[in-house]
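Computed from a predicted model, the values in this text were never measured in an experiment.
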Amino acid sequence: MQMLNLNILRFFFNKCLLLLLLLSVAVLSCFRPATAAQLPAYELDALSEIASQLGKKDWNFSLNPCDGNSNWSTPKITEMPLYVNNVSCNCSYPNGECHVVNITLRGQDLAGVLPPSLVKLPYLKMIDLTRNYLSGDIPPQWASTKLEILSISMNQFSGPIPKFFGNITTLEYLGFEGNLFSGTVPPELGKLVNLEHLILNSNNLTGELPPTLANLTNLKELRISSNNFTGKIPSFIQNWKQLQYLEIQASGFEGPIPSSISALNDLIELRISDLTGEGSKFPPIRNMKSLDKLMLRSCNISGPIPTYLADMTELRFLDLSFNKLEGQIPNLDSLTNVEAMCLTGNLLNGNIPDGIKSRESRSQIDLSYNNFSEQSAPPACRDSLNLFRSFSGGKNLELGGCLKSYPCSKDRYSLHINCGGPETTIGNIVYQGDEYEGGAAKFHPMSDNWGFSSTGHFWDHVISMNDYMARNVSVLRMNNSGLYTRARLSPLSLTYYGRCLANGNYTAKLHFAEIIFRSNRSFYSLGRRIFDVYIQDKLELKDFDIEHAARGVDKTIVKELKAVVRNKTLEIRFYWAGKGTTALPSRGTYGPLISAISVESDFKPPSHGNKKTLIGALGLLLILIFTVLGIIWWKCYFKGKSPIEELRGLDLQTGFFTLRQIKAATNNFDAANKLGEGGFGSVYKGTLLDGTIIAVKQLSSKSKQGNREFVNEIGMISGLQHPNLVRLYGCCIEANQLLLVYEYMENNSLARALFGREEFQLKLDWPTRQRICVGIARGLAFLHEESALKIVHRDIKTNNILLDRDLNPKISDFGLAKLDEEENTHISTRVAGTRGYMAPEYALWGYLTYKADVYSFGVVALEIVAGKNNMKYRPNEDYFSLLDWAFFLQHKGNLMELVDPKLESDFNKEEILRMIKIALLCTNPSPALRPTMSAVVNMLEGRTPVQEFPLNPIIFGDEVTYEALRGQYSQMHFHRSSETETIKHSSDSTGIGSPSTSTRDLHQINPDSLM
């Protein structure tokens, strides 16, 4: 079992040793037969309840838990393993009574909930449930326990940290690492005056640290990395004078590092990274003479490296990378214990110190990306000294000894690398092998035209060279699996560079597959790998998550990015900015992972020789002539073509299915497989021969939306990939059949789950509803702001939100979607959508922007909170819809009356009110006052406050009704209709954004699209 670091190991060891001593005293002082050392019946019953609640099925209750039986406890161990099954008793109580004092169930893949019955073990001091698959809420009953050690790290708990933890004042160790906790750190934790260890790494916590934490004067360890905190690192850290371990990596805090950190003279480990905002000079840490590990990475620190670092003779790991440090490296020869020193990505200059060049190879030193004098380059290359781009101007990639510059004998136009794997041939392309071991400071030219640079070591982990190469742990079934069997890893920064490439435009295809995490119900599935990708020093992918992008583990995702090669050099860099988990499935699992790289020029190599040039010129002229003739012919020939023929000409990023395949999958469209009716016709469930379950949308011959919307849907969604958009597998165009093949969504639509027939409704608790709402918002933010094609969906409603097996929401039905090009302020178009979800400016004027989707989202969010259909809910004859009722309740200051009674009282009131206010903000009659969807995501997740606007006087006058409001809009529409309208044009053959006249009234809304 791996722990955060050695001090935690000692902490648990001391506690266990104390328990063993108590047991030994009991045995020596009062020897009794084994049968006398029994648990009270009520504790045995409590253990049975705990096992049931946790999902622990292998305890044998016919045996005595206090006998050290292997059924209840793993054999004695000499080091802390990943998997532990221990129940420990203390039998030193009067009358030979035993009581359970410790339950440790690590790595058991328990999939239950935290047991409320824990309170029935009054002598329990320690509960450790690290690395399981537990979920749900933390029982409020735990507030009355006398626990000293509590760890629920590496599970899947979410929601806010309960305030009642402040009542367990006996706590000395509190571990929440690697979960999904959100909200702020409760001020009540400041009551835990005995707390020595607080571990909050890898969650979604927000806000500032509460000042009450200054009361934790016994604190020895604080780890709060990979969260979304705001503000600055608090100056009250000076109160934690006993602190030995401080870790604040990618926490969300802004710089600079406070000067009050100078009070922490007992620190053994200091790790701060990825601060945003204001920079500063080197922080005052002169008196931290006991430091073993020092990381001040990417903290915007400027100025020279202080000479007093040479006095920190206990240092083994030093990381000052990616700052703005300048000047020469001071004499650090006294740091003889250093195992890894990382100074990469600074402005250091002058000569490389002789002491560094002559160090033993066991010291990994990375000086890449600096400005040292070329004259100070070592005469011979050392494998543990990385000097990639470390010399003046960064012009020369390879200098000194084995890093000699090779002249380019000819220009190259492609580069193909099987990262971490052997040479592999895929089709006609040979991917060169890349099996050289990595390391904390490795620069290795694999050939005269490419190589890689690897920077950083895995903290909290016994380092081996195998850590820098990933090997799949299951059978890979994807195409071209040879590219994904292995992959290259890095704990910080990994650069692949290509030389001798002809200058010009290139396309780089980056192949990814997550081959370490699993998709089963175990803690192996809970990891989150997040990193950034740069091409030619330009950030191309921010917070990239392979598993999410590929929609699962052992699945491929290829990112196609553009690059411009200048100076015949191309660099692709993968960088870990401290986010995600670092201990799942085992500690040291994080950082960038890349399976293969393919780079091709966007231009053809030049021809050589006069004859070839002449032939090429003539050929180009002929091509030009035939192209012009072809365009003329195409315009005439395709003028009368059907949408089916148009569809065949599309360059789709999906597959084509045969009608025979679809009929076999759906059992010839058997009525038993029918899932429901869509805008085009029926939807069927099917199973392909490889076992993949699909949903088939069949265009009805009676559909009034017709072929145009079918073509539109494929054209829109074929190139879109996002976790919250339904995935299109392909289509079928055969025998006058138009069929779309989608991924199958096990839980049908959100509308059916919320307010469908009673037998179809799902019990959606509040965390699930909130997660669904955030997922919809993320999907819309992608369509509006992040996708290469900016898209307005036009028909966001609960019927078009599908839910997968895990109740993750996915937006579907893109038949009415429109492209939203940035140069257009709006799209004037035929009104089409669903009554009750359309924005007023669109329904009445035909004025369409992405803010129409924002309005529809607001209605959906209200329906999620209330569990009621907007158009079908009328509390009385004075209110015509759920939205109308919500505006009235907002005016009366009683928004909680909207909450679905099925939620009872099991929800967070603050989160409920936030979502309702966001929904009302999104449905503001004025599109200008509605937020963007990215702003909505931030507000829903609590990262930014909800915008406040005054109540609309049009709506809340003394005698105002819906008819009056509608009349005012009609009057506005009357004036608008006389103006010249801007019509959006597009040459897209799918008909997306084709010219049309704005509709003048609601009667032209397609009736097939209405609920």
Side-chain angles (χ1 to χ4, degrees), residues 204 228 276 507-510 512 528-535 538-551 557-563 574-575 577 579-580 653-654 713 715-728 743 771-796 800-802 808-814 816-827 848-858 860-861 918 922 927 930-941 943-944 992-993:
N204 296 319
N228 300 310
T276 61
T507 297
K509 293 182 178 179
L510 308 182
F512 301 97
R528 302 187 294 277
R529 183 190 304 280
I530 300 172
F531 57 94
D532 300 335
V533 179
Y534 294 80
I535 294 185
K538 178 186 176 185
L539 179 61
E540 296 286 354
L541 298 177
K542 174 72 172 173
D543 294 341
F544 180 61
D545 185 322
I546 299 173
E547 185 178 353
H548 281 180
R551 300 173 185 266
I557 179 71
V558 180
K559 286 293 184 179
E560 188 171 303
L561 304 170
K562 297 297 182 180
F574 308 89
Y575 177 76
K579 299 180 181 180
Q653 299 180 34
T654 56
E713 179 147 12
M716 284 291 183
I717 200 173
S718 67
L720 299 177
Q721 289 192 4
H722 188 272
N724 298 115
L725 302 183
V726 70
R727 183 179 179 186
L728 178 67
E743 62 177 319
R771 179 164 53 83
I772 289 172
C773 195
V774 172
I776 300 168
R778 285 176 175 164
L780 283 173
F782 173 80
L783 291 176
H784 294 173
E785 305 168 45
E786 301 168 20
S787 169
L789 296 175
K790 302 302 183 287
I791 292 173
V792 182
H793 186 280
R794 284 209 297 174
D795 201 16
I796 293 297
N800 287 341
I801 306 300
L802 303 183
N808 295 310
K810 295 177 187 263
I811 300 170
S812 71
D813 212 335
F814 285 74
L816 301 180
K818 289 283 184 183
L819 288 175
D820 183 15
E821 297 175 358
E822 294 180 359
E823 64 269 20
N824 293 309
T825 58
H826 74 283
I827 310 167
L848 177 64
T849 69
Y850 66 89
K851 291 296 184 73
D853 282 350
V854 177
Y855 182 95
S856 303
F857 169 82
V860 170
I918 293 170
C922 291
R930 295 175 209 149
T932 62
M933 287 310 303
S934 59
V936 169
V937 172
N938 287 332
M939 287 188 285
L940 283 172
E941 294 183 336
R943 289 198 291 267
T944 58
I992 301 169

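- Between V937 and A781, the shortest heavy-atom contact is CG2-CB, 4.5 Å.
- For the pair I811 and I801, the minimum side-chain heavy-atom distance is below 4.5 Å.
- In this structure, CG on N724 lies 7.5 Å from CG on N808, to the nearest 0.5 angstrom.
- Between N800 and H793 there is a side-chain heavy-atom pair separated by less than 4.5 Å.
- Under the 3.5 Å distance criterion, the side-chain polar atoms of E785 are matched with a main-chain donor or acceptor of S934.
- Note on ring orientation: taking the six-membered ring where Trp is involved, the planes of F574 and F512 are perpendicular (angle over 60°, cut-offs 30° and 60°).
- Checking side-chain atoms of K810 against main-chain N and O of P723 turns up a donor-acceptor pair under 3.5 Å.
- The shortest non-hydrogen separation linking I535 to A563 is CG2-CB, 3.5 Å.
- Side-chain contact between I918 and C922 is present, with heavy atoms from C-beta onward closer than 4.5 Å.
- In this structure, the side chains of I557 and F544 come closer than 4.5 Å at one or more pairs of heavy atoms.
- Counting only heavy atoms from C-beta outward, the side chains of F857 and V936 approach each other to under 4.5 Å.
- R551 places a side-chain N or O within donor-acceptor distance of the main-chain N or O of H722, the cut-off being under 3.5 Å.
- Atom CD of E786 and atom CZ of R778 lie 10.0 Å apart (nearest 0.5 Å).
- Here the closest non-hydrogen pair linking G775 and P809 is CA-CG, 3.7 Å.
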Next on the checklist: Working note: Y850 + T932, criterion side-chain contact (heavy atoms from CB on, under 4.5 Å); need CA distance, chi angles, decisive distance, verdict.
Outcome noted: CA-CA 8 Å; Y850 66 89; T932 62; 3.8 Å; yes
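- If you take CZ on R528 and NE2 on H548, they are separated by 8.5 Å, rounding to the nearest 0.5 Å.
- In this structure a side-chain-to-backbone donor-acceptor pair under 3.5 Å is missing from R930 to V854.
- Using a 4.5 Å heavy-atom threshold, the side chains of K559 and V533 count as separate.
- Between A935 and T944, the shortest heavy-atom contact is O-OG1, 4.3 Å.
- Residues D545 and I530 share a closest heavy-atom pair of OD2-CG1, 4.2 Å.
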Next on the checklist: For a side-chain contact (heavy atoms from CB on, under 4.5 Å) check, start with the C-alpha distance between F531 and I546, then their side-chain angles and the critical distance, and finish with the verdict.
Outcome noted: CA-CA 9 Å; F531 57 94; I546 299 173; 4.0 Å; yes
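- Between D532 and D543, some side-chain heavy-atom pair lies under the 4.5 Å cut-off.
- Distance check: D795 CG to D813 CG gives 6.0 Å after rounding to the nearest 0.5 Å.
- No more than 12 heavy atoms of other residues, nucleotides or ligands lie within 6.0 Å of NZ in K538, so this atom counts as exposed by the packing criterion.
- Considering every non-hydrogen atom in both I791 and H784, the closest pair reads O-CD2, 3.2 Å.
- Interatomic distance, CE of M939 versus CE of M933, reported as 8.5 Å (0.5 Å rounding).
- For the pair D853 (side chain) and R794 (backbone), a donor-acceptor distance under 3.5 Å is present.
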